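Whatever order the structure lists them in is the order used to number ligands and atoms, beginning at 1. Bear in mind the structure is a predicted one, so any value in this text is a computation, not a measurement.
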Amino acid sequence: MEPIHVVAGVIRDVRGRILLARRTQGRDLAGLWEFPGGKIEPGETPQQALQRELREELGIEATVGGPLIAVPQHAPKALMLDVYEIKHYRNAPRGLDGQALAWVPPEKLAQYAMPPADGPVVAALLQPDRLLITPEPVDGDAWLRALEASVERHGIRRVQLRAPLFATSHPDDWRRLVEQACASLRGQGVDVWINGDAGLAREFDAGLHLRSTQLSSPAASEWSGLRLAASCHSMAELQVAAGLRCDFALLGPVKETRSHPGVVGIGWNMFRDLRAQVPVLPVYALGGLGSADIVESRRNGAQGIAAISAWNA
Ligand SMILES: Nc1nc2c([nH]c(=O)n2[C@H]2C[C@H](O)[C@@H](COP(=O)(O)OP(=O)(O)OP(=O)(O)O)O2)c(=O)[nH]1
Ligand SMILES: [Mg+2]
């Protein structure tokens, strides 16, 4: 069955607060808060449908801006939640269907109970659209300098420290590099994640990025109290990541990568289908992708892209 195409708008006031509407009684998802909008009718473009919905529900005349994210959802209802920024609007929004309205500071959005497909929308508004994954160090000091330069130059706000080979062969050197990287990246305002090692994540107060192999036998007690993220290659792994309440997951490879020549990617259609099985969870696309792919990733329901080599320069 074709998914229902729903359009919704991110409407802001002069203080940067975002408008949520509460679904009225007697409809599905009653009582939950949502971005104002509704179903596209035959013959309408998404922009036309959104203008109409905002006029009907709020009494505003809106100019629809750029797309934010299109979240595919498989169950309980097959739908595509297609969200746009609203650039300008005339008139003050009113709840014309009797729905309650709330102007919510972005950092408080998570306090409102929303439908599952809104999880990735809120994440798209609040969390970085790029995740830098470090390469293996050859020379530790050069690795650290290159990491700092890359973060600075490309405005990166989320980093995964990953070097499975070096961490195994030089554990003490790796620990020292992680300590230094955590200190300096935090000074640059970066959200830091450590690959695989719960002890280091705890010691340096970073998030723990789980390898896909760690998802097959989750060590929930060892990970308790840590922020978690996970690398996934299948629906089963994504479901474990969602069950662990990971902040986000990585899914790929979407395209063939330099590090794995000959391994064919899953492509965007498969990415979208897998992503649709795990509402709520923000998912970065990984594998052969760079900044130029962010817009396409968002059209396929991704938080953005993760890459080892895209921002090394
Ligand atoms: N508008 C909106 N709908 C959402 C959001 N998240 C989410 O899962 N949905 C779902 C709920 C519904 O199943 C569907 C929207 O359908 P709806 O019933 O509100 O559609 P509508 O405004 O055209 O109203 P109706 O006349 O058909 O009742 O999308 C969201 O943030 N905003
Ligand atoms: Mg509606």
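Within the 4.0 angstrom cut-off, atom 17 (P) of ligand 1 has one or more protein heavy-atom neighbours. Within a 4.0 Å radius of atom 22 (O) of ligand 1, the protein contributes at least one heavy atom.
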Return a table of donor-acceptor pairs under 3.5 angstrom between the side chains of residues 99-107 and protein atoms on other chains or two or more places apart.
unit_1, atom_1, unit_2, atom_2, d
Gln99, OE1, Leu96, N, 3.4
Gln99, OE1, Asp97, N, 2.8
Gln99, NE2, Glu57, O, 3.0

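Using a 4.5 Å heavy-atom threshold, the side chains of Arg298 and Gln303 count as touching.
Residue nearest to atom 25 (P) of ligand 1, selected from Glu57, Glu56, Gln73, Lys39: Lys39 (by heavy-atom distance).
Counting heavy atoms closer than 4.0 Å to ligand 1, residue Leu29 contributes side-chain atoms (C-beta onward) but none from N, CA, C or O.
Atom 4 (C) of ligand 1 has its closest protein heavy atom at Glu34 OE1, 3.7 Å. Summary of contacts: the protein heavy atom closest to atom 6 (N) of ligand 1 is Asp118 OD1, 2.6 Å. When only non-hydrogen protein atoms are considered, atom 1 (N) of ligand 1 lies nearest to Phe35 O, 3.2 Å.
Using modelled atom types and a 3.5 Å distance limit, the side chains of Asp82 and Tyr84 yield a donor-acceptor pair.
For the Mg ion (ligand 2), protein N, O or S atoms closer than 2.8 Å were enumerated as Gly37 O, Glu57 OE2, with waters left out.
We find the CD1-CG distance between Ile294 and Asp129 to be 4.0 Å, quoted to the nearest 0.5 Å.
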